[in-house]
Amino acid sequence: MSIQPTRIQPLNDVDVRKGEYVLYWMQQSQRSAYNHALEYAVQQANKQDRMLLVVFGLMDDYPEANLRHYTFMLEGLKETLATLTSRGIKMVLRLGHPPEVALKLGRRASMIVCDRGYLKHQRAWREQVAQEANCRVVQVESDVVVPVEVVSDKAEYAARTIRPKINRQLETYLVGLKQTRIKNPSLGFKIKGIDLDDTEGLLRKLNLDPSVPPVSRFFKGGTSRAGKRFEGFIRHRLKHYDQHSNQPQTNDISHMSPYLHFGQISPLYLALKICRAPDFLKAAKEAYIEELVVRHELAMNFAFYTANYDVYSCIPGWAQKTLADHQQDKRDYVYNRRQLENADTHDPYWNACMLEMKHTGFMHNYMRMYWGKKILEWSATPQKAYRTTLAINNKYFLDGRDANSYTGVAWIYGVHDRAWSERSIFGKTRYMAASGLERKCDIAAYVKKVADLVRSAI
DNA sequence: ATCGGCTCGCGCAA
DNA sequence: TGCGCGAAGCCGAT
């Protein structure tokens, strides 16, 4: 299958030059399988009769990144480097600010191909490369099923407004991607890069916050790990998926968010796998596609079209007003960030999900909502709650600092949601209660599940 | 156990 | 201009 032209965007007007190689500057789509940017780069290299060189810029001052994130990322990159090698493609990791790494190797390239990210800094990096490179820079989208601009030209109001817009594109975009064989292998090309054989040594050398330990026991990075885990999900868990979205005591979820965040697996690949699952699982398949495509890409839409997606002021006017109306309301409990991070509150359910997050780098989606709503309830002001929630989210989750993170936190404060009965502190934003957990799921089993996880992690 | 009301605003029908 | 309806809810009445 060919790559849809809407995935491909030239970022500057510079011509393709004579150069030693085509450069694929990999940053978001950290995989060799189902990567449109990579396949586009291979096709360009073949067309120009050049080699393909892949470079990844490794910086150790990535905002809020810590040992946990980097361990997972390097586990994945190690595999990606190996699979590219088996395809005859040279990949190097270079220490430095990603756009500068790309620009440096871009000096000898005929063109630079890059993948796509929706966060501010990711966009700024690509703009810098596009402006400063003296060769053509082309961005290829591979981390959403339907490119954001194809879906909509504005920030969508809610899932229900984006859903039909995505659905009518699915026929066009839910198509496979074939690997193209490289004509001129680049493995012999002499160029220095970071040695990935000794990942632990490399991690020690990098200037990373060591206070958040790796979680390889629960999530080991890499495309093949993601694929195997997904196979298991389809075989054993998918059949419960539509029934168990608010059953955190079960493990009937795919656990793909860390892999998606680092681009170690393609959402298109996952969607196609789901489509091929048996027809009698129709309801479950639709429920999964809703999460993987509609809500995931609503998050991309939010980050892309909302300039201030990472601050409190991004929430809708009605929500800001109603939360301001209740800013002075008495709080029965107020916890500071340290107490929250230590899972030291009066609420055993909340403590359990905080521990799940801390020890595994992950949390069941249903509990993510409860977790966030309670921080709003237990903070002196909604603004402070928002900052605390985002900071803890980005610190512990493997998929922190994702468009999904910003959207998920904003949802707590009314984004993509609607008004409900007015009440203390929350105003008209949606409230969630411990009694709801008791009513709707086996929350005691969830608490026990987390306790067992934590015990096994120590 | 189940149901209606709460409440906002988008997008479509008219 | 009116109206249906919605990312995962709560609460009180029946």
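Chain letters run A, B, ... following the sequence lines, proteins first and then strands; every chain starts at 1. Computed from a prediction, not measured in an experiment: that's the story for all the values here.
- Residue T429(A) is classed as having no contact, given no heavy-atom separation below 4.0 Å to the nucleic acid.
- Counting to the nearest Å, the C1' atom of dC10(B) and the CD atom of E156(A) are 10 Å from each other.
- Of the possible donor and acceptor atoms, none in the side chain of N394(A) sits under 3.5 Å from a partner among the backbone N and O of E64(A).
- Within the 4.0 Å cut-off from OP1 or OP2 of dC6(B), not a single side-chain nitrogen or oxygen of K428(A) is found.
- Across all strands shown, dA7(C) forms no Watson-Crick or G-U wobble pair with both key distances under 3.5 Å.
- In the set dG11(B), dC10(C), dA7(C), the nucleotide with an atom closest to the side chain of A433(A) is dC10(C).
- Rounded to whole Å, the distance from CZ on R160(A) to P on dC12(B) is 10 Å.
- The residue M432(A) sits close only to the backbone: its heavy atoms come under 4.0 Å of sugar-phosphate atoms, none of a base.
- In this structure, dT7(B) makes no Watson-Crick or G-U wobble pair, since no nucleotide meets both defining distances under 3.5 angstrom.
- Not one side-chain nitrogen or oxygen of R418(A) sits closer than 4.0 Å to the OP1 or OP2 atom of dA7(C).
- Protein atom CZ of R423(A) is 13 Å distant from nucleotide atom P of dT7(B), rounded to whole Å.
- Remark: the separation of the P atoms in dT2(B) and dA7(C) is 23 Å, to the nearest Å.
- Going from the P atom of dT7(B) to that of dG12(C) covers 15 Å, rounded to whole Å.
- For D143(A) and R31(A), the salt-bridge test passes: some basic side-chain N is under 4.0 Å from an acidic carboxylate O.
- At a cut-off of 3.5 Å, with distance as the only test, a side-chain donor of T345(A) or N351(A) sits close to an acceptor on the other residue.
- At a threshold of 4.0 angstrom between heavy atoms, the contacts of T161(A) are confined to the sugar-phosphate backbone, with no base atom among them.
- When the side-chain nitrogen and oxygen atoms of R439(A) are compared with OP1 and OP2 of dC10(C), one or more of them lie within a distance under 4.0 Å.
- Within the nucleic acid shown, K154(A) comes within 4.0 Å of sugar-phosphate atoms alone, with no base atom in reach, counting heavy atoms only.
- When heavy atoms are screened at a 4.0 angstrom cut-off, E290(A) is found touching no nucleic acid atom at all.
- For the pair Y406(A) OH and dA7(C) P, the computed distance is 24 Å after rounding to whole Å.
- Between H416(A) atom NE2 and dC8(B) atom C1' the separation is 15 Å, expressed in whole Å.
- Side chain of H97(A) to backbone of P99(A): no donor-acceptor contact under 3.5 angstrom is found.
- Within the nucleic acid shown, W318(A) comes within 4.0 Å of sugar-phosphate atoms alone, with no base atom in reach, counting heavy atoms only.
- Between the CD atom of E422(A) and the C1' atom of dC8(B) there is a distance of 12 Å, rounded to whole Å.
- Atom NZ of K449(A) sits in a crowded spot, with more than 12 heavy atoms from other residues, nucleotides or ligands closer than 6.0 Å.
- Look at OH on Y413(A): it is 20 Å from C1' on dC8(B), rounded to the nearest Å.
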Practice task
Any chance you could lay out the ring pair (Phe, Tyr, Trp, His ring centres under 6.0 Å) test for Y396(A) and H359(A), step after step, and finish with the verdict?
Solution key: CA-CA 8 Å; Y396(A) 292 107; H359(A) 288 277; 9.0 Å; no
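- Using a 4.0 Å heavy-atom distance criterion, N246(A) is classed as making no nucleic acid contact.
- Here R368(A) lies out of heavy-atom contact (under 4.0 Å) with every strand.
- Computed from coordinates, the W411(A) CH2 to dG6(C) P distance equals 16 Å when rounded to whole Å.
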